[in-house]
Amino acid sequence: MIDKIVSSIADALADVCDGATVMIGGFGGAGMPNELIDGLIAQGAGELTIVANNAGNAEFGLAALLKAGMVRKVICSFPRQADSYVFDALYRAGKIELELVPQGNLSERIRAAGAGIGGFFTKVGFGTDLAKGKEVREINGEMYVLEAPIHADYALIKAEQGDRWGNLTYRMAARNFGPVMAMAAKTTIASVHEIVLLGQLDPEAVVTPGIFVQRVVKIARSATVASGYKAA
Amino acid sequence: MIDKIVSSIADALADVCDGATVMIGGFGGAGMPNELIDGLIAQGAGELTIVANNAGNAEFGLAALLKAGMVRKVICSFPRQADSYVFDALYRAGKIELELVPQGNLSERIRAAGAGIGGFFTKVGFGTDLAKGKEVREINGEMYVLEAPIHADYALIKAEQGDRWGNLTYRMAARNFGPVMAMAAKTTIASVHEIVLLGQLDPEAVVTPGIFVQRVVKIARSATVASGYKAA
Amino acid sequence: MSYVKLTRDQLAARIAKDIHDGAYVNLGIGMPTLVANHLPAGREIILQSENGILGMGPAPTSDAEDFDLINAGKQPVTLLRGGSYFHSADSFAMMRAGHLDIAVLGAFQVAANGDLANWHTGGKDDIPAVGGAMDLAVGAKQTWVMMEHLTRSGESKLVERCTYPLTGVGCVSRIYTDLAVIDVTAQGFKLVECVAGLSLAELNSLSNVSIAP
Amino acid sequence: MSYVKLTRDQLAARIAKDIHDGAYVNLGIGMPTLVANHLPAGREIILQSENGILGMGPAPTSDAEDFDLINAGKQPVTLLRGGSYFHSADSFAMMRAGHLDIAVLGAFQVAANGDLANWHTGGKDDIPAVGGAMDLAVGAKQTWVMMEHLTRSGESKLVERCTYPLTGVGCVSRIYTDLAVIDVTAQGFKLVECVAGLSLAELNSLSNVSIAP
């Protein structure tokens, strides 16, 4: 019998090793798996490479992971935010490596890993510093850059509902990177607000089919908090 | 105001020109837009390039389009079926061109067009006749083939529900190529069994967001018929 | 001089006036977000957000804020009837393959050849951050820039060649500033209109590059 | 000779026995489809279909057939509780990136280096058709072949090198025939088991290539 539901965050994260590449979903606070990140901090694996859209806010979640000194490298699109001072200080001090990736290249590179693509040509980034050193090619009169897939050992994502087969739904814009990260990681760990019985999710509305998910853990629902923006 | 609903199949297809590339959804009978294909036959544009998974069954739908002499070339993965005699005869007589594509390369090439990808490396097909003449490359010790996107002028797809913004849902395995073809064509025409008011589709369960759809036309519901298989 | 610069809201309204009924539009973070407040009545314009929303509506009242429903600037928004949610790769497919009609982006500099610089000043100690800027710049059918014409120190943001790191090559088709609307053509900048009281000669003397009539 | 070939159903059952609990499996069209009828009780095995189904159940009763719910062979199926639908590119992402544990495919020939030929005889007048065969052959974690050991004319389908057009290079890990189970190793074919009464020497004499003990 398939039962991907694990009873605790600690169990879900027990086998993360030093040096692992860990994808972390979320855009702003939406879809940010803070409970899993806190679990990762408690677990203690170090020298991590983190793949995420941002690089942490204030001193919670991803920023706390950085502050704990557990991260060697961040692959992300938008590290600089109003309250990204933990990352900013580590970066300026040369204590963390940054691979900056245009956000669409980031999501497409993650999807590519999940879809068995060895690399793809994109117009995005051509002629910019972020394509420096990358192979370029003219295709039908336009210039493209070759981008590589981004694979991961783990993906930590926040979903809405899940079942024991690992099927997931999401809530509004909290979906963001969850589905593609689930495809790209060897082990995908999803926190959900509700565990439902097999068959309760509408098969037409399952967003992430269970094949892409290895572990599901229930967390208490709490309102997503504002994150990463400066009020006008 | 946005209103993508057109009142007749004839109106939906009025501007298809000779020489157009037309994607046609469906796998077996599921998702096969037979009503739109019949409309295309009545419309009469010739020298078409058809992109589809199969190449028609018996003498209806896609097979009828072929029989009408309107198709110059078929790009598909599985033309040979128990009842594909129309295609078979045209092919043997040298009256139709065939580009045979592994089915996953077909769907990925269609998606690539819809996602702005200029080309991608895939392991599928390497070392086979279907990769002859294509660029190959070793990536991390494995051999890959470079595949190009497939763009289209039109996509004819069969969906379940649609609204005036062009949002679509599908029914079971009739989804198949619909969502990716909708992304890849300049003009996507979807037949639906039900037109609903804006807001009636669950925003979490919209499969094809309206941005990918230009025209929606209502057709009567009829049971999908068996197609393309020989009973054991 | 007898001209008055447009305010940010006037500039936003000027841009909004040019967005056609039925357009799919992405408004970049920062100033372009203001355009949403000025969409002309009677037009149905669909706003896309890179984090996976099509059909964004206005900001909610403060008691109805839900931070699972935010725009690219991480501010709470709403969803119109007919809106939908999708994942990041699908969202960027929309943005990168010409499905959006218009992207409105802020800028540090725009060059006469349409090059855009808006993501990084290139300062040694600056933390770089690009987000979806490069995707939008080259992906939309039309890329419009919304910016002040001059920097705070009075330098023209219209330039012969960008000195800041590029966001995209030859991607800008039109520029809306607080002083003028300017098209980017194969022959360089071409004036569409100036604010009242500002002559092209004056505009050219303020700009560091020639703008053709 | 004192051995009896496995029937198709016996062969299907033999394969099913090796599919582990919790496995994600794609059964190719034709003979491999029979494996679905023999999945061992007490194991939860999830069947994927290339046309966009995860969690396929058994064939419906004839009055409940719905041809919007068909397998890759276009035969009506059902959906288990917990199943889901998705589009073609998502389906092939599953198939092509190692998410499936096992693909079971038919074959014309399998070579000692794991090359597979199953899509085209290469005959001049034959209509070629590949479907998802190439995707499955190279995409699953393990590719198993299910076939009769010999052609109708008595030739071995195990070969030193495929003479038919290839489906995939070095992709087969295990072969189940009506005579034997054979692993493909770096050293070539290696016997796992023969049907009762058939010796390895006899099997080798039937096959056109050496099978190691």
Side-chain angles (χ1 to χ4, degrees), chain A residues 25 27-31 53-55 76-81 84 87-88 91-92 98 100-108 110-112 114 122-130 143 160 170-181 183 207-208 223-232, chain C residues 29-31 33-34 49-53 56 65-77 79 83 85-98 115-117 119-120 122 124-139 164-171:
Chain A
F27 182 104
N53 189 54
N54 302 110
C76 78
S77 89
F78 208 80
R80 184 194 64 230
Q81 296 183 83
S84 61
F87 172 83
D88 298 358
Y91 180 75
R92 291 204 170 99
L98 170 66
L100 191 72
V101 182
Q103 193 178 160
N105 283 358
L106 185 67
S107 57
E108 191 69 20
I110 294 168
R111 180 193 175 275
T122 174
K123 284 187 275 193
V124 175
F126 173 76
T128 76
D129 290 353
L130 298 188
M143 296 305 298
E160 176 63 17
Y170 300 84
R171 183 166 184 271
M172 303 194 287
R175 187 182 303 192
N176 58 69
F177 286 88
V180 286
M181 287 181 171
M183 295 169 69
V207 176
T208 294
T224 299
V225 295
S227 174
Y229 84 99
K230 203 162 26 177
Chain C
I29 58 175
M31 196 156 51
T33 305
L34 293 176
S49 187
E50 67 189 22
N51 51 324
I53 310 172
M56 264 198 307
E65 288 178 347
D66 184 330
F67 284 88
D68 279 345
L69 180 47
I70 54 175
N71 64 16
K74 281 116 183 173
Q75 298 155 322
V77 293
L79 188 76
Y85 304 114
F86 32 84
H87 66 57
S88 178
D90 281 348
S91 183
F92 279 86
M94 276 177 209
M95 296 163 64
R96 291 152 63 100
D115 286 0
L116 172 66
W119 71 282
H120 191 21
K124 272 226 152 163
D125 213 37
D126 282 7
I127 309 286
V130 65
M134 289 188 181
D135 307 279
L136 279 170
V138 306
Y164 288 149
L166 292 189
T167 305
V169 173
C171 56

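These numbers come from a predicted model, not from an experiment. Below, chains carry the letters A, B, ... as their sequence lines are ordered, and counting in each starts from 1.
- Among the candidates A:Gly125, A:Ala174, A:Gly104, the residue making the largest number of heavy-atom pairs closer than 4.5 Å to chain C is A:Gly104.
- Note: C:Gly131 leads C:Ala137, C:Ala89, C:Gly131 in heavy-atom pairs under 4.5 Å with chain A.
- The distance from atom NE2 of C:His87 to atom CD1 of A:Ile110, rounded to the nearest 0.5 Å, is 11.0 Å.
- Expressed to the nearest 0.5 Å, how far CE of C:Met134 lies from CG of A:Leu100 amounts to 7.5 Å.
- For the set C:Ile29, C:Leu136, C:Thr33, C:Asn51, the count of heavy-atom pairs under 4.5 angstrom toward chain A peaks at C:Asn51.
- Neither the backbone nor the side chain of A:Tyr170 has a heavy atom closer than 4.5 Å to any heavy atom of chain C.
- Between C:Val130 and A:Val101, the shortest heavy-atom distance links the atoms CG1-O, 3.8 Å.
- Atom CZ of A:Phe27 sits about 9.0 Å away from atom OG of C:Ser91, to the nearest 0.5 Å.
- Going from atom OG of C:Ser88 over to atom CZ of A:Arg175 covers 12.0 Å, rounded to the nearest 0.5 Å.
- Of all the heavy atoms in A:Val124 and C:Asp135, the pair that sits closest is CG1-OD1, 3.4 Å.
- Pairing each heavy atom of A:Ala173 with each of C:Leu69, the nearest pair is CB-CA, 4.4 Å.
- Note that the CZ atom of A:Phe78 and the CD atom of C:Glu50 stand 8.5 Å from one another [nearest 0.5 Å].
- Heavy atoms of A:Leu98 lying under 4.5 Å from chain C belong exclusively to its side chain.
- Shown here for C:Arg96 and A:Thr122, the closest heavy-atom pair between the two residues is NH2-OG1, 3.0 Å.
- When the candidates A:Gly178, A:Ser77, A:Pro79 are compared by the number of heavy-atom contacts under 4.5 Å with chain C, A:Ser77 comes out ahead.
- For A:Arg171, the salt bridge (Lys or Arg N to Asp or Glu O under 4.0 Å) criterion is met by C:Asp66, C:Asp68, not counting sequence neighbours.
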After noting the C-alpha distance and the side-chain angles of A:Met172 and C:Ile70, does the key distance pass the side chain to side chain contact (heavy atoms under 4.5 Å, CB included) rule?
-> CA-CA 9 Å; A:Met172 303 194 287; C:Ile70 54 175; over 6 Å; no
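- In terms of heavy-atom proximity, A:Arg80 sits nearest to C:Trp119 at NH1-O, 4.2 Å.
- Smallest separation of non-hydrogen atoms from C:Ile127 and A:Tyr91: CD1-CD2, 3.4 Å.
- Distance check: A:Thr224 OG1 to C:Glu65 CD gives 12.5 Å after rounding to the nearest 0.5 Å.
- For the salt bridge (Lys or Arg N to Asp or Glu O under 4.0 Å) test, no residue two or more places apart in sequence or in another chain qualifies with C:Asp126.
- The most heavy-atom pairs under 4.5 Å with chain A, out of C:Ala93, C:Gly170, C:Pro128, C:Gly52, come from C:Pro128.
- C:Phe92 touches chain A through its side chain: at least one heavy atom from C-beta onward sits under 4.5 Å away, while N, CA, C and O do not.
- Heavy-atom distances place the side chain of A:Asn54, and not its backbone, under 4.5 Å from chain C.
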